[in-house]
Amino acid sequence: MTGVAGYGAPLGPTGSCRWTVSLWACALGIGQVAWWPRLPGSADLASVALWVLLALSLLAVLAGGGASTVRHWRPLLIRLLLPFALGSCWALTFNHQSLEQRLPADLHGTDHDVTLQVVSLPQSGPAVSYFGRSSSSSSGYLDAKFRARVVDASDPRFLHRDLELGWYRMAHRDAARLRAGSRWQMRVRLKQPRGSVNPYTFDYEAWLLEQGIFATGYVRERDRPPEFIAPGRGLSALRERIRDRLGSMSTAGGGGEAYRHSGLFRALLLGDRGGVDGDTRLLLQRTGTAHLLAISGLHVGMIAGFFFLIGSVLSRTIGALRASAWVGSAARLLRMGARGHPLFLAGLTALLGAAAYTLVSGAPLSAQRALFMTGIGICALLFRRRVGGQLAFAAALCGVLLWQPLAVLSAGFWLSFIAVGALLIRFQGRHVQSAPTSQSLNAAGISGMPGRMAESLRTAIQGQWAILIALLLPSTLLFAGISLSGLFLNLVAIPWVGLVILPSISLGAVAPEPIGGILLSVADVNLDWLLTFLATADSYVPGWQPLPAVRSGLMILAVCICGAVLLLPSGVPGRALGWCLLPALLSAALPWQRAREPGFELTVLDVGQGLAVVASTETHTMVFDTGPSSASGWSSGVSIVSPYVLNSSGQHLDLLAISHGDLDHSGGAEGVLAELEVAAIAAPGRFVERFRGEEPIHATSRCMAGQHIDLGELSVEWLWPRSDTISGEENDHSCVALLQWRGVRVLLTGDISADVEYQLAAENPDFSSVDLLIAPHHGSRTSTSMALIQWAAPERVAFSAGYRHHFGHPHPSVVQRLSSQGVALFNTADTGAVRFNWLPGAMSPHVYCGRETGKFWRTTGPLAECD
């Protein structure tokens, strides 16, 4: 590799390899601690161990432990074991401190008067009732969510801690002042950072821990009206002004007219995705371009690349005109720092542009990682004789993990580094020639420009192809699907956004009028063209395809090996064998992969204050209730139920049963119908008519006492209601189902009250005992009567309830009543998703709990009798 004259001796292959190995060892030591089931010791003990290891490392270096003359085991100790141990101790210290910096359990649900500073861009929308329905009493009010930092509190444990808060039924006057950087005196009710735990779904609790959230909660406006103290200043106020400017264009009359795609403006520049409508989100997901809305390494890299291009043009212009007196001094000053390096100005411009963009976007962790990697990459480019690509990659990886050891819990971490690693593999071995001088450029002339442009285009296409191949497996593991059209649509969308749209938005947000307005209008038109292009392509090319994640460790290894082989540079022998990637990746969707041993599995999913149950055999699957949804667009059917069914049983669902119309039971139904192939739907009374369209694609039926549905060896018998003319909206209209499989009996009861329980016992006097009862109405004190307990005689009872919810489910009297009968109790608030697995001939099921999956930040409660 040739370089620029004037540099010192390069870092040789041996030295570079040693440093790379040490950095990888340190990064591995940091990252692996995040997967420990428990953290031993304490933060103080881990800190002492860290200082001891640092002292030993310093002594080893001073003693010349890296010299080639020492024993063979000493370099191994210094380059591998010590960095690994240092990284582990640092991560152990950090993770202990992260756990300690969360709201104590005894303060869960308590109120506190604190002084806050808003540190995020607040998201607001029309106020809704608790159950997600608009109400006349909420008219004219707003609901808002924001992140705030405590700047003053009576309890010193709260100081400088971050809170995720909601402000419900907020007046427009307060909404106008709730801006980034503003200070408030508020009374807030705080809760421990906690989230639902289900297989194959997003771990919200891990995300809260990674983000350093001390507590979640909401503003208690009725107890004490919030007091506005001061508006925002500095960078926070700048971000708010930019958001305001991106929302509307100036007009001649002094008013404002909204840009058509102002929501996308804010998402691309500020990471504020609250203004992106659902149809646009769905289009981007189907076409595999949804990643464009997340502030990530891609955005920072695109901004850096754009400013690198601008800096290159300026550098070459200055180089061509450096003989002129009026630019000579400036040229010498700019080029002096790099001792004549022609890319110095380009690299400096790129780094400053990326840093400015990171600050304006709110400096999320993903953008911080990307900025660090961009800085390493620019240094590697400017000092290419000193830093190789592998060393730069290892340094970036280690640096990010030193800054945030819990970053390995983030999907963005894996996507960013896998993408960069794919580029390194794809382009390794290429010789980087020295930068062309002005004389060589003049010699090449205009005739050489088309060739250089073609080469740049070919390199860009190869790079994007490498990233797409590398991210196929992470896409299936993290998002349970892939976008077929995204394989080529990103080749158009990424450069379009990176070279035209995002720079136009960035410059338009800070440029004075009318230049800023013109640039934003250009971005608005280009976004319209891009979305039209994506919509047109989506109508002709298959888009998002749900795909079960590869669960076999051997197949995951095979996919990784095939992908790495396929990314090798052209000419490597056997590279074509990498195309085995596709069949290996799709193996989880093949019929032979789906087959499993005969058995009956019933899972009570953790959907908070709601209910969703999945029952399956080796051939059939049914869902009883789908959990809640929210007015903001979140649906447990999309986020929890569908991913679980897809990965555990496949895309086909034989029966979807909705017990009644309450949103905490039926809210996710629409999402399940959109994500899965549902053969039949059952619901009580007239409620089933909601699922009958003009051209019905599902068989629909009413659940009525005495009727049966056979799903292979799984039998569904309806015990309630007795009428088909009821509305199906009330708790006592709930479908009650008895599931039977080879003698195993499970009773599903919806939200029935004790009155219905007495009627069931009276009408079915010869009812046999059940192996499992899903407690009625989440264990409220108006249900699970002694009549039901004695009639059903359950061996096990599962409650589906929210963690320390204000409804107080399950009620202590219900728990005491069941415990006195020797019943084994489970509560999803304590266990996470709880799965019961009966095998043929087994007397008892194997019980698996989501919170027993070996994550140190998860805890279980008293109602968790798991295996």
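- Remark: the Asp277 side chain and the Thr280 side chain contain an N/O donor-acceptor pair separated by less than 3.5 Å.
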Just list the side-chain donor-acceptor pairs under 3.5 Å for residues 828-837, sequence neighbours left out, or say none.
{"from": "Thr828", "atom 1": "OG1", "to": "Ala801", "atom 2": "N", "distance (Å)": "3.2"}
{"from": "Thr828", "atom 1": "OG1", "to": "Ala801", "atom 2": "O", "distance (Å)": "3.4"}
{"from": "Asp830", "atom 1": "OD2", "to": "Leu863", "atom 2": "N", "distance (Å)": "3.2"}
{"from": "Thr831", "atom 1": "OG1", "to": "Asn827", "atom 2": "O", "distance (Å)": "3.1"}

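- The structure places CD1 of Ile30 at 12.0 Å from CG of Leu92, a figure rounded to the nearest 0.5 Å.
- Ser629 places a side-chain N or O within 3.5 Å of a backbone atom of Gly667 that can act as its donor or acceptor partner.
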Next item on the list: Begin with the C-alpha distance, continue with both residues' side-chain angles, and end with the deciding distance and a verdict on ring-ring contact (aromatic ring centres under 6.0 Å, His included) for Trp838 and Phe600.
Entry: CA-CA 5 Å; Trp838 284 271; Phe600 175 48; 5.6 Å; yes
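- For the atom pair CZ of Phe413 and CG of Leu397, the computed distance is 5.0 Å after rounding to the nearest 0.5 Å.
- To the nearest 0.5 Å, atoms CD (Glu852) and OG1 (Thr860) are separated by 5.0 Å.
- Put simply, the side chain of Gln609 gets close to the backbone of Gly802: a donor and an acceptor are under 3.5 Å apart.
- Side-chain atoms of Ser639 and Trp634 include a donor-acceptor pair closer than 3.5 Å.
- Counted by atom type alone, Asp272 and Gln123 present one or more donor-acceptor pairs between their side chains at under 3.5 Å.
- Side-chain contact between Tyr644 and Thr603 is present, with heavy atoms from C-beta onward closer than 4.5 Å.
- Put simply, the side chain of Asp203 gets close to the backbone of Ala206: a donor and an acceptor are under 3.5 Å apart.
- Looking at heavy atoms from C-beta onward, Pro628 lies out of side-chain contact with Leu663 at the 4.5 angstrom threshold.
- Closest non-hydrogen pair, His809 versus His778, comes out as CB-O, 3.2 Å.
- A distance of 8.5 Å separates CG of Asp44 from CD of Gln97, quoted to the nearest 0.5 Å.
- With hydrogens and angles ignored, the 3.5 Å screen pairs a side-chain donor or acceptor of Arg281 with a backbone N or O of Val276.
- Val614 has its side chain out of reach of Leu602: every pair of non-hydrogen atoms, C-beta onward, lies at least 4.5 Å apart.
- By the 30° and 60° cut-offs, the orientation of the rings of His108 relative to Tyr803 is perpendicular.
- Proximity of Val847 to Phe826: side-chain heavy atoms (C-beta onward) are separated by under 4.5 Å at one or more points.
- With a 4.5 Å cut-off on side-chain heavy atoms, Leu605 and Val613 do not count as touching.
- You'll find the side chain of Val33 stays beyond 4.5 Å of the side chain of Pro405, heavy atoms only.
- Using a 4.5 Å heavy-atom cutoff, the side chains of Leu676 and His652 are not in contact.
- Checked against salt bridge (charged side-chain N to carboxylate O under 4.0 Å, His left out), Arg194 has no partners two or more places apart in sequence or in another chain.
- Contact check for Val623 versus Val672: no side-chain heavy atoms found under the 4.5 Å cut-off.
- Gln285 CD: more than 12 foreign heavy atoms inside a 6.0 Å radius.
- Judged by distance alone, the side chains of Ser88 and Gln32 do bring a donor and an acceptor atom under 3.5 Å apart.
- Contact check on Arg147 versus Asp162 returns no salt bridge, with no Lys/Arg side-chain nitrogen under 4.0 Å from an Asp/Glu carboxylate oxygen.
- The shortest heavy-atom contact between Tyr200 and Pro643 is O-CB, 3.7 Å.
- If you check the side chains of Tyr168 and Lys145, you find a donor sitting under 3.5 Å from an acceptor.
- The closest donor-acceptor contact from the side chain of Arg161 to the backbone of Leu103 lies at 3.5 Å or more, if one exists at all.
- With sequence neighbours left out, Glu205 forms a salt bridge (charged side-chain N to carboxylate O under 4.0 Å, His left out) with Arg851.
- For the pair Asn198 (side chain) and Asp606 (backbone), a donor-acceptor distance under 3.5 Å is present.
- For the residue pair Thr110 and His112, a side-chain donor N or O sits within less than 3.5 Å of a side-chain acceptor on the partner.
- Aromatic ring pairs are classed by plane angle as parallel below 30°, tilted from 30° to 60° and perpendicular above 60°; the pair Trp207 and Tyr204 is parallel.
- We find the CH2-SG distance between Trp90 and Cys26 to be 11.0 Å, quoted to the nearest 0.5 Å.
- The backbone N or O of Ala669 lies less than 3.5 Å from a partner atom in the side chain of Thr626, making a donor-acceptor pair.
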